[in-house]
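What follows is one structure encoded as structure tokens, with my remarks underneath.
Below, each value reflects all heavy atoms present in this structure, side chains not excepted, and no hydrogens, waters or symmetry copies. Not measured: the values here are computed from a predicted model.
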Amino acid sequence: MSGVEPMPASYPSEESHDVKRRRAVFSHSFAGLISQHAAPEDIYTQERERRHRVRMDDSLRLIDDLINRPVDPMFQDSQLGKHNVSPFAVWSARIVCFVVCIAVGFLGCIFVQQLHSDPRKAVRTSLAKELRESQNNLNGLSDDVSALRKQVDEQAKKVSESGAGSTLLKDEMASGQLAVKGEGIILTVADPIAATNENNGAAPRENPGSRLRVVTDSDLQQLVSALWRSGAEAISINDERLGAQTSIRTAGGTILIGLNAVESPYRIKAIGNRHELAQSVSQENLGSWYTMYAKAGISLQVQQSKEITLKAAVVSDVNYARKAE
């Protein structure tokens, strides 16, 4: 037993020597920091000198720290007295936080609106505007061409012979270069009501996947051909005169008469013997067509008129064709 070293002495903390709360070195009151030891300073110093004399052992130091100094100085510093915070600082911090929250919310709303906005809307609007301007320019040029042709015709009548002028006049009326009027019929063809309602008034051809049967360019071509065979002398569709160079075709989802777009209902005006023209497109002669249109919901109406006026068709200049010898 003589070889066993004695355990280091421990001293309980006296009630008269309570540990004072002071700031650590990093605080503004580090100058008043006292020892964190539980025993008085003189006892601690004596005991420390005695331990060094007995043995410089790290394990004994650790045990002594655990017994006599269980509280870490940093933790003890965090338990010190509170700072006095002024109401002005508290409300200033709250106002700053409120302003920051409002700013973040406003910027978030703007960002969400940018995400939900359609970047192609401006492009579509610009293209639609250009299309309207081009259409207006085209209409203006067509009117100018018609006015110029009218002047040319008036001058031609003055200088031409009576027989040649009459022949030229008939040829120009037949080719659609002059405005004409006379008796005839008005044939109205309209798409099904369901097709118009489902597309909110838009042309049903805009939906390629739609299974609804609508009026196509082929239907208009067949009806116009039937009228030509029955003796029609001049025909227009939605006031677009059919001339020698006028076509009826589909471009994308729109029916074009020449270069101008038309939509349902399609009003086909034909000048000629109104009784013969009405008979040629009646249900008696076109029974299969009426049955097919009735199943699809397409309406077909024929109206006779004593006087119909058709404007001249737009005819382009002939640059390469020459009269054969």
Side-chain angles (χ1 to χ4, degrees), residues 131-132 134-153 156 167-191 203 205 214-274 276-278 280-281 286 289 298 300 302-303 305 307-323:
L131 179 61
R132 288 193 296 268
S134 300
Q135 187 68 31
N136 295 333
N137 294 335
L138 180 61
N139 295 335
L141 293 175
S142 299
D143 296 337
D144 295 341
V145 170
S146 300
L148 293 175
R149 288 187 180 279
K150 185 177 180 180
Q151 296 177 5
V152 171
D153 295 336
T167 302
L168 179 62
L169 181 64
K170 291 182 179 180
D171 293 339
E172 289 178 345
M173 288 191 298
S175 61
Q177 299 182 28
L178 296 178
V180 294
K181 65 179 180 179
E183 66 172 311
I185 64 170
I186 301 176
L187 178 61
T188 304
V189 186
D191 290 331
R205 290 179 301 276
V214 296
V215 179
T216 61
D217 53 346
S218 299
D219 297 330
L220 298 180
Q221 292 172 3
Q222 293 177 356
L223 294 174
V224 169
S225 298
L227 293 174
W228 285 127
R229 289 195 302 268
S230 301
E233 297 176 354
I235 299 176
S236 69
I237 300 177
N238 286 11
D239 297 331
E240 297 295 333
R241 179 78 175 275
L242 300 182
Q245 298 176 337
T246 306
S247 61
I248 303 174
R249 60 191 178 88
T250 299
T254 306
I255 295 180
L256 299 179
I257 305 300
L259 298 177
N260 299 322
V262 295
E263 58 183 9
S264 177
Y266 306 98
R267 295 170 58 86
I268 304 175
K269 297 180 181 180
I271 293 179
N273 190 314
R274 64 178 185 270
E276 294 179 1
L277 294 177
S280 64
V281 293
L286 303 178
W289 290 10
I298 300 175
L300 187 66
V302 180
Q303 178 184 358
S305 177
E307 182 173 338
I308 298 175
T309 302
L310 303 180
K311 67 178 183 179
V314 178
V315 181
S316 60
D317 297 331
V318 180
N319 298 321
Y320 300 96
R322 297 290 184 272
K323 181 179 178 180

Residue pair [X] / [Y]: nearest heavy atoms and the distance that separates them:
X: Leu256; Y: Ala251; result: CD1-CB, 3.4 Å
X: Ser280; Y: Ala226; result: OG-O, 4.4 Å
X: Thr246; Y: Ala313; result: OG1-CB, 4.4 Å
X: Val215; Y: Asp191; result: N-OD1, 2.9 Å
X: Val180; Y: Ala234; result: CG2-CB, 3.8 Å
X: Val281; Y: Leu286; result: CA-CD1, 3.5 Å

Establish, from distance only, whether the side-chain atoms of Gln135 and Asn260 form a donor-acceptor pair under 3.5 Å.
yes
How many angstroms lie between [atom1] in [X] and [atom2] in [Y], if you round to the nearest 0.5 Å?
X: Ile255; Y: Gln221; atom1: CD1; atom2: CD; value: 9.0 Å
X: Ile185; Y: Leu227; atom1: CD1; atom2: CG; value: 5.0 Å
X: Lys150; Y: Gln177; atom1: NZ; atom2: CD; value: 15.5 Å
X: Ser230; Y: Asn273; atom1: OG; atom2: CG; value: 10.0 Å
X: Arg249; Y: Leu259; atom1: CZ; atom2: CG; value: 6.5 Å
X: Ile308; Y: Ile235; atom1: CD1; atom2: CD1; value: 11.0 Å

Please check if the side chain of [X] supplies one atom and the backbone of [Y] the other of a donor-acceptor pair under 3.5 Å.
X: Asp217; Y: Thr250; value: yes
X: Arg241; Y: Lys311; value: yes
X: Arg229; Y: Val224; value: no

Heavy atoms, side chains only, cut-off 4.5 Å: are Asp219 and Val189 in contact?
no
Please walk me through it: do Gln303 and Thr188 pass side-chain contact (heavy atoms from CB on, under 4.5 Å)?
CA-CA 8 Å; Gln303 178 184 358; Thr188 304; 5.9 Å; no
Step by step, would you call Ile186 with Val302 a side-chain contact (heavy atoms from CB on, under 4.5 Å)?
CA-CA 6 Å; Ile186 301 176; Val302 180; over 6 Å; no
Who passes side-chain contact (heavy atoms from CB on, under 4.5 Å) against Glu307, sequence neighbours left out?
Lys181, Thr309
Check against side-chain contact (heavy atoms from CB on, under 4.5 Å), Tyr266 and Leu187:
CA-CA 8 Å; Tyr266 306 98; Leu187 178 61; over 6 Å; no
Salt bridge check: are Lys269 and Asp239 linked by an N-O gap of less than 4.0 Å?
yes
Assess whether atom CZ of Arg267 is packed by more than 12 heavy atoms of other residues, nucleotides or ligands within 6.0 Å.
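Open: at most 12 neighbouring heavy atoms sit under 6.0 Å from CZ of Arg267.
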